[in-house]
Structures are given as structure tokens and as C-alpha cells.
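Below is one structure, written out as C-alpha cells, with a few remarks after it.
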Amino acid sequence: MLSRLSALLQQAVETEEEPVQLLESFRGHWKGITNYYIVTTDENLPVKQTDIPWRLRQMVDILVYEEKQSESGETGPCMEYFLQHKILETLCTLAKAGYPPGMKQQVLVLVTKLLGQIQQPLLPHVNVHRPVQKLICLCGGDPTSNTEKEEAQFLTTVCVKIKQDPYLMNFFIEKKNFAESQRSLSCSSEKSEVEQEEADSTHAPRLSLAAGASPSPTDQPVAGKSTKDKGTQLEKNLLHAVLILTSSQEKRFALKACESLLLLVTLPEDVTAQYLVEGTALCGTLADRLADLYRLIPEDTDPGQVELLGRVNWRSHSAAASDGEDAESFPGRGDVVSFLSWLHYCDQLVGEAHKVTAAALAREIRTRFFHKVLEPQLLQVSEMGILSSTALLTGILAHTTSPQLLDELVCFLLGDGRQAEVPVDPGRPALRCQLIERCNHLSDEISMASLRFFEQLLQKSHEHIIYNLVLRNLSDRRYVAHNTGPEEAAADSELLDEAEELEDDPFFTDIYVGSRFPAADWLVAPATTQATAKANGKPGVNRIVHSFLCLVPDAVKTSHLVAGSGYDTYLVDAHRSFQGCCARAATWNRPQRPGAQERCRPVVDFYEGDFLRMLLDRMSQILHQPYDLNLQITSVISEVALFPHPQLDEYVLDPYVSLGPGCRSLFSVIVRVIGDLMQRIQRIPQFEAKLLLVRKQLMGLEPEDMVDHATMLKGVIVLEEFCKELAAISFVKYSPEPD
């Protein structure tokens with residue numbers, strides 16, 4: 001009993017003595033560090049050859065242990081001593097002096113451990129956040145320093161702490177400079193637009209830079225210079241240090257800096273976002289770096305290799321570069337990947353940042369990169385330059401997913417016009433006009449690259465794309481023959497009679513007589529009856545599908561002679577693609593049925609618009625164009641046809657729409673092509689055998705041999721397959737829309 005009592009008393013005495021012993025030990029380590037500076041005579045002795053690193057580690061361990069032993073969460077005597085004696089302030093002064101050599105590295109490690117391991121909030125203490133600010137100013141100053149690793153870890157730790165408690169950002173905002181920048185902005189708001197226009201006209205950037213060359217300061221926009229001057233934005237602070245580190249040659253450190261920057265721009269406070277936009281050079285720096293990386297891409301980079309790169313992820317690219325895996329598979333690959341990687345990072349930053357920061361960064365990218373650098377490249381006349389810039393533009397489009405940046409990119413490419421087009425319009429956007437015209441270029445390579453770009457563009461979830469290119473010219477239904485009064489009903493009756501006669505015409509029906517293509521093999525019963533479809537303002541799905549499937553005559557059909565080439569093979573792909581289009585257009589304000597025509601509308605000829613005109617012109621030449629080009633054209637038309645919109649369905653997919661004088665539709669163009677085809681095949685001996693041979697060659701069933709009229713024969717095969725694809729698209733679109 002007495003032994004147990006004595007043990008309890010001894011434990012109580014040790015508990016009382018433990019804080020005293022920790023404090024004495026902590027003081028002893030600090031005095032050991034200060035005594036070094038008193039007694040040392042060798043100022044060049046590296047810090048690692050002294051006991052300073054060991055003593056600093058012991059001090060951190062004591063502080064962490066003290067906090068763990070404190071049950072109440074109160075500040076212990078060691079932490080009080082640490083704060084009251086401004087130990088961190090002294091250490092930062094020694095780090096700035098670099099005495100002994102390597103002291104900065106040791107202090108960075110100490111502060112990183114301290115902020116990362118101590119659970120109680122330290123940054124709100126004035127004796128912590130002030131020296132931390134001074135230490136931040138020491139980061140990013142010398143790219144050749146050997147402290148990048150410690151700087152990256154330190155800055156990341158600070159950003160993580162700020163992300164956990166966004167209020168802490170107030171300690172790192174240069175309030176005086178921020179207020180001055182706001183006053184400067186308000187005073188110059190009236191004349192800023194005029195100065196910007198003058199600057200743009202007098203400081204136009206060069207068209208391109210040689211490979212590996214760095215942009216000179218005169219190539220930067222004047223607006224960027226004034227932006228960087230306001231509020232002494234180049235003053236070293238947290239954001240400046242992080243931005244500098246994102247350009248580190250060590251990709252792993254640059255990756256940490258990029259992640260730290262993401263933490264800062266996603267802070268929810270409006271004041272912080274306003275400071276980042278107006279009080280720092282954040283947006284301009286990111287946009288200028290994007291432009292600089294684009295300029296570094298060699299002009300002779302292979303466009304085909306650029307297209308094969310696919311999507312680049314900024315995190316995986318940095319990791320691969322750190323591991324030495326980013327090999328040059330073709331000249332210029334590293335520069336292209338670096339550019340696309342930074343673009344992907346900027347896109348993610350815009351997508352996740354505060355709305356104020358995101359909008360400002362997207363605008364800066366449009367001004368400093370899209371207009372200043374990208375547009376001159378896209379408008380050049382060099383064939384190699386066109387191919388290279390178009391391939392890069394397609395890559396830019398593929399890496400742009402954030403709504404704000406996609407808005408700026410789409411308006412940059414297409415303009416903001418939403419009125420119906422006219423054949424001759426001096427005010428139409430030059431870039432949009434040029435991109436569309438290149439789809440019908442004399443060079444098949446340029447045409448292919450431009451069509452691939454538009455295919456990528458049409459797959460973006462942005463309502464303005466399809467409206468600007470197609471729907472604005474169909475909204476008033478000027479393609480429909482205009483009738484009034486009793487004549488309208490008579491015309492509708494006549495149209496139905498003509499439709500029935502069309503289906504009875506041997507040109508359309510003789511290919512399905514007998515057992516070759518029984519109706520049950522290719523046509524599934526529609527989800528709604530003809531009466532229901534007619535009541536919904538849609539023509540019968542059976543009638544439309546039948547029209548497309550019967551459009552190509554039996555004499556030029558070969559798909560039934562090869563297994564796995566039926567119409568049903570397109571249904572699954574069409575259904576999946578249509579579901580994707582419906583998902584992208586779910587939030588768009590689109591009508592459910594074609595709008596009524598104006599009875600007193602002015603007599604204006606229908607113009608399908610530059611884009612649809614180009615597609616229809618290309619489609620009319622399908623028998624004279626290379627096979628790959630035909631595949632690309634039909635792929636773009638399919639993307640257009642898949643969009644869920646009643647006017648689009650009526651104009652592109654309804655064979656029985658009553659077209660006005662001089663109007664043409666996709667169906668009418670194909671009919672004319674088939675009429676021309678039926679005349680030409682009369683002059684080709686053994687046409688059916690050659691056509692089947694070419695189909696088998698395309699499917700890899702026969703070796704490639706020279707065949708007469710190969711271009712036309714391949715065009716016939718593409719035409720047959722395209723009609724089946726249109727039939728499948730019609731079936732899934734005129735059936736109930738997917739949920």
C-alpha cells in the first residue's frame with residue numbers, strides 16, 4: 001500500500017517537472033545557436049558542419065511533443081517562449097543573411113515542419129506571419145539556388161494552411177498597394193479603352209518566333225506592362241514566389257507550385273479574388289507564359305504528329321518529365337507537350353477558380369494569346385503554316401473544357417453573331433470565314449485538317465457553336481416553300497401524294513423486293529404511331545428511314561454482299577451519339593417543334609450560311625474526292641445532323657419537306673449525286689465487280705491493287721454507308737428523346 005502511494009506521488013512530481021525540463025531544454029538549444037554566432041570565427045563554414053541543424057530539429061520536436069502532451073490545447077511554455085522572444089524573426093534574419101552558408105535551407109525546413117506538424121493555428125500570431133512573409137520574399141529569387149526543394153515544400157505548406165482557413169490570406173495581401181491599384185483603376189477607367197486601342201495598333205506582335213527564341217519585352221502587350229506596374233505587382237509576395245516556382249526547370253517542384261497556385265485561386269472570399277485580379281500580375285503572367293510557350297513551337301513541327309498526341313495532362317506531363325520519360329519522338333514534341341500541358345493547367349485553373357478570377361484569366365488569355373499570337377498564325381497563307389496552326393488549334397480546342405475559357409475561345413473563333421447570314425457580308429468575322437473556306441481548299445490536307453477542327457468544335461458543349469454555324473440560318477424556316485390561305489392545305493395534300501408516289505417508284509423500292517433486304521431485317525417498329533408523330537409535328541419515322549435506305553439504287557449497292565455491313569450496325573452508334581448530344585444540349589433553350597412561318601415575311605432568298613453551304617458543296621463532289629476526305633465530310637455532317645433541334649431535323653433529315661425555289665437540302669444534294677452516278681456507271685465496264693472489289697479492299701479482305709475509277713468507286717461506297725448512317729440517325733432522333 002505504501003509502495004503504491006509513493007509511486008503515485010513520484011508520478012505527480014515528474015508531471016510537474018516535465019514542462020520545466022522541456023522549457024530548459026528548449027532554452028538550451030536556442031542559446032546554443034546564439035552562442036555559435038558569438039564564438040565562431042569561420043564565417044565560411046557550412047551550416048551542415050555545425051550543430052545548428054540538430055538543435056533546430058530538437059526545438060521543433062520539443063514544440064510538437066509539448067503540444068501532444070497538452071490535454072487542454074493551451075499554449076505551452078516552450079511555445080510561449082518561442083513566440084515572445086521572436087525566435088522565428090531572428091531565424092529569418094539569419095536566413096536572409098545566409099550566415100552561416102546554407103542557413104536559409106535550414107530555416108525553410110524548420111518553418112515547414114512547424115506549420116505542418118503544430119495543430120494550433122500559428123499564422124495568426126504576428127510573430128509568426130511577419131517572419132513567414134519575410135521568408136516568402138526570399139523564395140524564387142535565384143533560379144540557380146539549391147533550395148528549390150525546400151522552397152516548394154514551404155510554399156505548399158503555407159498555401160495548404162491558407163486553404164484550410166481562408167481568412168489567413170488577409171495577412172498576405174499587400175493592402176496598401178491593393179488600395180493604390182484600385183484608385184489607379186478608377187481614375188483611368190474612362191480612357192483605358194482608347195489607350196488599349198492605340199497600344200494594340202502600335203505594338204503588334206511578330207507573326208512567329210524562331211524555334212527556341214525567347215520573346216522580347218517589346219513583343220508583350222502594352223496593357224500587360226501597365227498591369228504589371230500598378231500596385232507594385234512585381235514586389236515579392238506569396239503569389240509572386242509561387243508563380244516564379246511554376247517555371248522551375250525541376251518539373252516536380254514546378255508541379256508543387258502549380259498545385260499551390262490552385263489552392264490560392266480557389267479561395268472563396270470575394271476580396272481575395274479581387275486582390276488576385278487587380279492587385280497582382282497573376283492573370284497576365286499565366287496568359288503571357290501560354291503565349292511564350294506557343295511561340296517556342298518550331299514552325300516545321302509535323303502537324304500529323306501533333307494530332308496524334310491526344311490530350312495532355314499537366315500533372316502526368318510533369319511527372320513524366322521528372323522521371324526522364326518525356327522523350328522526343330518527333331522534332332518539336334517537347335515544345336508542343338509543354339504548351340498543351342500549360343494550357344490544360346490554365347483551363348483547370350479557370351474551371352476551379354473563384355468566378356471573378358476565372359473570368360479575368362479567361363479574358364487575359366483571349367487578349368494576350370488568342371488575339372495577339374494565335375490569330376496571326378491562323379490567318380497566314382503558308383500551306384505548312386496553315387497545317388501546323390490548324391493542328392495546334394484542334395489541340396487547343398480539345399484541351400479547353402472550362403465554361404469561361406470555352407466562351408472566350410468560341411467567340412474568338414466564330415464571333416458573337418446570331419443573326420441570319422447573308423451571302424455577302426463585309427462585316428463577318430475574318431477568322432471564321434477563313435476557317436470555313438479552308439474546308440473547301442485546293443489542298444486536300446488543309447481541307448482535312450479544317451474539317452477535323454470543325455468536327456472537334458461541334459462536339460463541344462456550347463450552344464453558340466451550333467447556333468452560329470447552322471441554326472441562325474434555319475430559325476425562320478425560309479427554306480420551306482411559302483403558301484397562304486387554301487393553297488397551303490392543297491400543297492400539303494400534294495406533298496403527301498408525291499411522297500406516296502415516291503415510295504411506289506421502282507427507283508426507290510425495287511432493291512427491297514424479294515428476300516435480299518426484307519423490311520423486318522432493317523426497320524424496327526417506331527415507338528410512336530404515324531398519327532402520333534404527325535400530331536407532334538414530326539413526319540413518320542418509317543417513311544424517313546425508308547427514304548434514306550432506298551436512296552442508293554440496287555445497281556450500286558454492295559453492302560449486302562459482305563457480312564456485318566447492315567443498317568443495324570449504325571443504330572447503336574447513332575443512339576449513343578444522340579444521347580451525348582442530348583446531354584450537352586439539356587440546358588439549352590430549344591423549341592420542341594418547328595416554328596410557324598410568318599405569313600407577311602419579306603421576300604428574301606434563303607441562304608443556308610457559309611458552313612452549311614460548304615458542307616453541301618463538298619457533299620455534291622463526293623464522287624470526285626479522295627476517300628479519306630469523304631469520310632471526314634460525312635463525319636462532320638453526321639455531327640450536325642445529331643443535334644436535337646426541330647428546324648435542323650426538318651432541313652437536314654426530312655426528305656419530304658417542301659423546299660422553296662432555289663433551296664437545297666442534304667437529301668436533294670444526294671439525289672442529284674445519285675442521278676449523276678447512274679449516268680456515269682453506264683460507261684464503266686464490269687462496274688459491279690469492280691465496286692465489290694474496292695469494298696473488300698477497304699475492309700482488308702483483298703490486297704490493294706490498282707482499279708480503274710477507284711476514286712469514284714470509293715465515293716459510291718461512302719455514299720451508301722452514309723445513307724445508312726443518316727437512316728439510323730433519323731430513327732433515333734424521331735423516336736422519343738432519351739432521358
* Step by step, would you call Asp270 with His354 a side chain to side chain contact (heavy atoms under 4.5 Å, CB included)? -> CA-CA 8 Å; Asp270 294 341; His354 187 284; 2.7 Å; yes
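The distance from the CG atom of Leu168 to the CG atom of Leu122 is 10.5 Å, given to the nearest 0.5 Å. Note that OG of Ser338 is 12.5 Å distant from CG of Asp292, once rounded to the nearest 0.5 Å. Atoms CG and CZ, on Leu290 and Arg368 in that order, are 12.0 Å from each other to the nearest 0.5 Å. Taken to the nearest 0.5 Å, the CD1 atom of Ile637 stands 12.0 Å off from the CG atom of Leu642. To the nearest 0.5 Å, atom CG of residue Leu349 and atom NE2 of residue His344 are 11.5 Å apart.
A salt bridge (Lys or Arg N to Asp or Glu O under 4.0 Å) with Glu259 holds for exactly one of Arg252, Lys163, Arg315; it is Arg315. Each of Val640, Ile465, Leu458 was scored for a side-chain contact (heavy atoms from CB on, under 4.5 Å) with Val470, with one residue passing: Val640. Shown are Leu123, Leu239, Leu264; of these, the side-chain contact (heavy atoms from CB on, under 4.5 Å) with Phe172 is made only by Leu123.
Residues Asp347 and Thr401 have side chains that bring a donor and an acceptor to within less than 3.5 angstrom of each other. Under 3.5 Å, the side chains of Glu455 and Ser635 contain a donor-acceptor pair of N or O atoms. There is a side-chain donor-acceptor pair under 3.5 Å between His371 and Arg366. Looking only at atom types and distance, the side chain of His464 has a donor-acceptor partner in the side chain of Arg418 under 3.5 Å away.
Using a 30° and 60° split on the angle between ring planes, His129 and Phe171 fall in the parallel class, below 30°.
In Arg130, the CZ atom is not crowded: 12 or fewer heavy atoms of neighbouring residues, nucleotides or ligands sit closer than 6.0 Å. Residue Gln164 places its CD atom among more than 12 non-hydrogen atoms of other residues, nucleotides or ligands, all under 6.0 Å distant.
Nearest heavy atoms, Phe454 versus Leu435: CE1-O, 3.4 Å. Pairing each heavy atom of Ser450 with each of Cys439, the nearest pair is CB-SG, 3.6 Å. Taking every heavy atom of both residues into account, Ser248 and Phe253 meet most closely at OG-CB, 4.0 Å. Val242 and Ala257 get closest at one heavy-atom pair: CG1-O, 3.3 Å. When every heavy atom of Cys139 is checked against every heavy atom of Leu108, the shortest pair comes out as SG-CD2, 4.2 Å. Residues Gly310 and His399 share a closest heavy-atom pair of O-CE1, 3.6 Å.
Inter-residue side-chain proximity for Asn473 and Glu608 is flagged as unmet; no heavy-atom pair is nearer than 4.5 Å. Tyr607 has its side chain out of reach of Val422: every pair of non-hydrogen atoms, C-beta onward, lies at least 4.5 Å apart. A heavy-atom distance below 4.5 Å is not found between the side chains of Leu138 and Thr147. Between Glu299 and Met384 there is no side-chain heavy-atom pair separated by less than 4.5 Å. Looking at heavy atoms from C-beta onward, Glu269 lies out of side-chain contact with Met169 at the 4.5 angstrom threshold.
Ring centroids of Phe369 and Phe339 are separated by less than 6.0 Å, placing the two rings close together.
Salt bridge present: Arg432 and Glu421 bring a charged side-chain N and a carboxylate O closer than 4.0 Å.
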